[in-house]
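Have a look at the structure below before the remarks.
Both counts, for ligands and for their atoms, begin at 1 and track the order of listing. Just the heavy atoms: all of them, side chains too, but no hydrogens, waters or symmetry mates, feed the values below.
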Amino acid sequence: MSETDRVHDIVVWGATGVAGRLVTEFLTEQYTPEDLALAIGGRNQAKLDGVAADLTADSDEWDDLPIVLGDATDPESLRDLAANTEVVCTTVGPYTKYGTPLVDACVEHGTDYCDLTGEVNWAREIVDEYHDAAVDAEARIVHSCGYDSVPADLGTLLAQTFAIEEFGGPCHEARIYVERASGGVSGGTLASAAELFAAASEDPEVRKVLGNPYSLAPPGEREGVDPGEQRLPRKDPLRSSWTAPSPMAAINERVVRRSNALLDYPWGREFRCSEVTVTGDGLGGAATAGLVAGGLGLFTLGMSLEPTRNLLRKYVFPDPGEGPSEEQMETGHFRIRTRGRGVNEDGPFTVDAVVGADYDPGYTGTARMLGESAMALLEDDTDSPFDGGVLTPASAIGTPLADRLEAVGFTASASVAED
Ligand SMILES: NC(=O)c1ccc[n+]([C@@H]2O[C@H](COP(=O)([O-])OP(=O)(O)OC[C@H]3O[C@@H](n4cnc5c(N)ncnc54)[C@H](OP(=O)(O)O)[C@@H]3O)[C@@H](O)[C@H]2O)c1
């Protein structure tokens, strides 16, 4: 438990939703009331009572979970939440719709904050409006602490830290490979994706943000050598495999570039990064890459046009609040390999960092990534130079997050590349 006068160490805000409930479940399984003054928050007392009753009934340790009632549309309730809490851990999304007043309250009260956003347009809004104030207030506002973007951001940090230690300098390029990923998708995630596409189709400024690979970098530093996400099948330049676009590249690559910029370019200003899906060798790999690229292109087109977006929401997507099946979550797994390539006086070198686990990446895996991010902020278990600001997982927490994730069943480590 922390030793300040705030009532709650961590509040899981949105605990009645799919991700929020899983984060709460994870924290109550992993920690005890002696370690952690945990509370759950949301807008619906009866649902919150139900979550608290289920979790305390299943637990030997937790016989009480305090409830914080509020509403994302009621700034006063968010100010109370922020004033009484060390770390707000929020899964109330779409963040474009609900997120800003909570960030505002956390910055006002110098409260640490972590979320699961993959909404680039909203993250950029928060960078522009709150970074300086969050630095002044010593509030760490840490976006994208789930499957977007911990494996990519932490993986790149691990690869670069290893390269600097072993080879005396950083890699000039990192390819982030989605090698394995199996899991479900919730209504809340699809609603957030729809919100992003709707904003992009209505607002040319949002399209500009989504079109700039450096849009999450600090103002004045929003250009560089990277051309943007891979959109077509491609024979990979660093391994004998075909690759296809990755649906998470748009957020993950920008988060990695923001980490490099915030940390003052330890990987160089010419550092390039790209995230792709690995589809295998030979003709089979090429064909799968074509199918993945085509499927993603069709999905993007369908989501970009209002009539098809509305049809998808009405007839295809699960509703917000609906999550993946138990079976999907139980059999879920993922492995993200960040391969870095550098050159030193002895010639070229290649390093690999792997972040993965036998958990559903977006749900049981994300619950652990977000829960451990919140705990790292609470315990100040970081190697970060920052006390405040709008930060990324790598820049706010850094390598201690890898140790924390390994302690809860993940692989999160780097080595010399073997092939
Ligand atoms: N990065 C990742 O890997 C990752 C993974 C999973 C989810 N996500 C993101 O996390 C977010 C949540 O996803 P989810 O599947 O958990 O969604 P969800 O099941 O729809 O949950 C949303 C939560 O927000 C609450 N909420 C909605 N409006 C509110 C308001 N006005 N005031 C207070 N609370 C409100 C809901 O409360 P009620 O129960 O009362 O409706 C619920 O607790 C989404 O943005 C999704 O994209 C990201």
Looking at Glu326, I want to see if its CD is surrounded by more than 12 non-hydrogen atoms of other residues, nucleotides or ligands under 6.0 Å.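 Open: at most 12 neighbouring heavy atoms sit under 6.0 Å from CD of Glu326.
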What do you reckon, are the aromatic ring centroids of Trp122 and His143 less than 6.0 Å apart?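 Yes, the ring of Trp122 comes within the 6.0 Å limit of the ring of His143, centre to centre.
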Is the distance between the ring centroids of Phe334 and Tyr147 less than 6.0 Å?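 Yes: the rings meet the under 6.0 Å criterion.
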Interatomic spacing from [atom1] in [X] to [atom2] in [Y] - rounded to 0.5 Å:
X	Y	atom1	atom2	answer
Ser77	Leu102	OG	CG	9.0 Å
Asp352	Leu158	CG	CG	11.5 Å
Arg254	Asp226	CZ	CG	10.0 Å

Would you tell me which option among Leu78, Thr366, Thr91, Val12 has the nearest heavy-atom contact to atom 11 (C) of ligand 1?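 Selected option, by shortest heavy-atom distance: Thr91.
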Among Leu116, Thr90, Leu102, closest by any non-hydrogen atom to atom 1 (N) of ligand 1: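 Among Leu116, Thr90, Leu102, the closest heavy atom to atom 1 (N) of ligand 1 belongs to Leu116.
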[X] neighbourhood, listing ligand 1 atoms whose heavy-atom distance to it stays under 4.0 Å:
X	result
Pro320	20 (O)
Lys47	38 (P), 39 (O), 40 (O), 41 (O)
Asp71	30 (C), 31 (N), 32 (N)
Gly14	43 (O)
Gly93	45 (O)
Ser192	44 (C), 45 (O), 46 (C), 47 (O)

Residues forming a side chain to side chain donor-acceptor pair (under 3.5 Å) with Glu25, sequence neighbours excluded: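 So Glu25 forms no side chain to side chain donor-acceptor pair (under 3.5 Å) with any residue.
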Tell me, which protein residue and heavy-atom name are nearest [atom], and how many Å apart are they?
atom	result
atom 35 (C) of ligand 1	Val92 CG1, 3.6 Å
atom 20 (O) of ligand 1	Gly321 N, 3.1 Å
atom 16 (O) of ligand 1	Ala19 N, 2.8 Å
atom 39 (O) of ligand 1	Thr16 OG1, 2.6 Å
atom 41 (O) of ligand 1	Arg43 NH2, 2.7 Å
atom 15 (O) of ligand 1	Ser186 OG, 2.5 Å
atom 6 (C) of ligand 1	Gly362 O, 3.2 Å
atom 33 (C) of ligand 1	Ala72 N, 3.6 Å

Pairing residues for Pro324 by the side chain to side chain contact (heavy atoms under 4.5 Å, CB included) criterion, not counting sequence neighbours: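 For Pro324, the residues satisfying side chain to side chain contact (heavy atoms under 4.5 Å, CB included) (neighbours in sequence not counted) are Val18, Ser186, Gln328, Met329, Asp360, Tyr363.
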Counting only nitrogen or oxygen atoms and a 3.5 angstrom limit, does Val18 reach ligand 1?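 For ligand 1, there is an N or O atom that lies under 3.5 Å from one belonging to Val18.
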Note: Arg404-Glu406 ion pair, threshold 4.0 Å (strictly below):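 No, Arg404 and Glu406 are not salt-bridged.
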Does Glu179 come within less than 4.0 Å of Arg339, counting only side-chain N to carboxylate O?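 No, Glu179 and Arg339 are not salt-bridged.
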Val127/Arg258 under side-chain contact (heavy atoms from CB on, under 4.5 Å): CA gap, chis, key distance, verdict: CA-CA 10 Å; Val127 164; Arg258 179 163 179 78; 3.6 Å; yes
